[in-house]
Amino acid sequence: MLELLEERFRGAFACPTCRGGLTGAGQDSHCARCGRTYSGSAGYVDFAPEIRMKPGLGPFYMQDPLHVTRYEPATRDAFLDIMGENWARELTPSVEDDYLRAGLESAEGLVLDLACGSGRWTRTLMRQLGGGRVVGLDLSVAMIDLVRAALPELCVVRGTALRLPFADGSLGAVNCSNALQLLPDPREVLREVGRCLGPGGVFTAFTFRRSDRPAYRYFQRRHEDTFSVRAFPVADLVTWLAAAGLELVDLRTPAGMVLFTARRGAGSRPD
Ligand SMILES: C[S@@+](CC[C@H](N)C(=O)[O-])C[C@H]1O[C@@H](n2cnc3c(N)ncnc32)[C@H](O)[C@@H]1O
Ligand SMILES: [Zn+2]
């Protein structure tokens, strides 16, 4: 529930439909502007009651209670190997931890783990920043059930990355690990991140880059088609970040992956 956050951060939430302010009524959140109520009866606020994940085998696995318990121990690594050419394990969980810790060291304010999944890296953020400063968001009920069991002190909400339930400029940092490739409109997701970050706010992310080796690209394409995911030309990510008002601070490309850190500029917000 939202009470798991420090009180000073609870006002960051806004109606994902009209961006109006929210008031709490019991477990629910109510928007005075458009009249919608977002239920908290499941033990977390559902900010996307009518939204379902895009179709496809990858999205199916992210929502399948039989698979989600296998995601962190097994399929995540296998996915990194195939999509990210991570056969030599250039990227390991502890390398990811170190990257997040370094990128978010100076972060102030409320920190969002966007598409937090079952929470392995959300825990890293909580350990570094403190539990009352971190909020996890995911669209999959199965993932949310798992992360709530693993991290009962974490504030988790159900929502979509395309319409974040936060006011303009209300977040100090956003992390999005291993998810942009699965989200329906990554360019729009970056714009949402840019909208919600305050000036100087930090964005860290890890996703996959398009292989420039034709044989491997063929292999990657088959995986993309099968699981409804994508790998990005790095130049596209850089362009989309700039369009979202996010200035690139660091970009690394271990094997076929891309890790980057960007910072919200002080200039105007994206429309
Ligand atoms: C591959 S998992 C990544 C989980 C975690 N961040 C990690 O690094 O392991 C991708 C996550 O994106 C979530 N997801 C898919 N579509 C989403 C959307 N539109 N909005 C928010 N989360 C979404 C899935 O439920 C899943 O938990
Ligand atoms: Zn509203």
Side-chain angles (χ1 to χ4, degrees), residues 9 12-14 16 91 95-117 119-126 128-130 133-139 155 157 159-209 230-254 257-271:
F9 297 133
F13 290 91
L91 193 65
V95 171
E96 285 185 62
D97 284 341
D98 290 345
Y99 192 79
L100 288 189
R101 285 195 206 105
L104 298 172
E105 195 174 25
S106 63
E108 289 174 2
L110 182 61
V111 177
L112 167 67
D113 195 17
L114 178 55
C116 62
R120 161 67 180 77
W121 285 268
T122 321
R123 178 182 283 119
T124 303
L125 301 180
M126 291 172 82
Q128 180 173 3
L129 303 163
R133 275 187 65 191
V134 179
V135 53
L137 179 145
D138 205 283
L139 192 57
C155 172
V157 297
T160 174
L162 291 170
R163 275 180 172 269
L164 293 174
F166 301 99
D168 293 4
S170 62
L171 298 178
V174 178
N175 173 58
C176 184
S177 290
N178 187 29
L180 272 181
Q181 72 281 352
L182 182 80
L183 300 176
D185 185 346
R187 183 184 180 145
E188 198 50 42
V189 171
L190 296 185
R191 283 170 60 88
E192 268 296 85
V193 170
R195 178 185 71 75
C196 294
L197 280 175
V202 184
F203 177 46
T204 50
F206 141 54
T207 188
F208 298 86
R209 66 188 174 93
R230 59 193 291 194
F232 303 100
V234 171
D236 283 3
L237 292 171
V238 172
T239 304
W240 298 343
L241 285 169
L246 296 163
E247 294 160 6
L248 200 57
V249 175
D250 180 73
L251 188 140
R252 297 171 195 198
T253 53
M257 292 154 287
V258 50
L259 280 74
F260 59 83
T261 303
R263 200 172 276 280
R264 180 81 180 82
S268 60
R269 305 197 164 281
D271 314 323

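Just the heavy atoms: all of them, side chains too, but no hydrogens, waters or symmetry mates, feed the values below.
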Between the main-chain N or O of [Y] and the side-chain N or O of [X], is there a donor-acceptor pair closer than 3.5 Å?
X	Y	value
R263	F203	no
R195	F166	yes
R209	V258	no
E192	L164	yes

Completion exercise
Exactly one candidate in D113, D97, N175 meets side-chain hydrogen bond (donor to acceptor under 3.5 Å, both in side chains) with T124; the answer is D97

How close do [X] and [Y] get, heavy atom to heavy atom, and via which atoms?
X	Y	value
A12	S170	O-OG, 3.5 Å
G103	V202	O-CG1, 3.5 Å
L100	Q128	O-OE1, 4.2 Å
C176	L183	SG-CD1, 4.5 Å
A107	R133	O-NH2, 3.0 Å
L259	P254	CD1-CG, 3.7 Å

Handout entry: side chain to side chain contact (heavy atoms under 4.5 Å, CB included) assessment of V193 paired with L112
Key = CA-CA 10 Å; V193 170; L112 167 67; over 6 Å; no

Problem - Check: F208 ring centroid to F232 ring centroid under 6.0 Å - result: no

Any non-hydrogen side-chain atom of [X] less than 4.5 Å from a side-chain atom of [Y]?
X	Y	answer
L251	L237	no
V135	F13	yes
V174	C196	no
D250	Y99	yes
P16	T160	no

Practice task
Output every pair passing side chain to side chain donor-acceptor pair (under 3.5 Å) with a member in residues 180-190, not counting sequence neighbours, ordered by first then second residue.
Solution key: N178-Q181, Q181-T207

Problem - Stepwise side chain to side chain contact (heavy atoms under 4.5 Å, CB included) check, F206 with L91 - result: CA-CA 10 Å; F206 141 54; L91 193 65; 3.6 Å; yes

Fill in the blank from the handout: To the nearest 0.5 Å, atom CG of L125 lies from atom OG1 of T204 at 7.0 Å

Practice task
Output the distance between atom CG (L241) and atom CD (E247), rounded to the nearest 0.5 Å.
Solution key: 10.5 Å

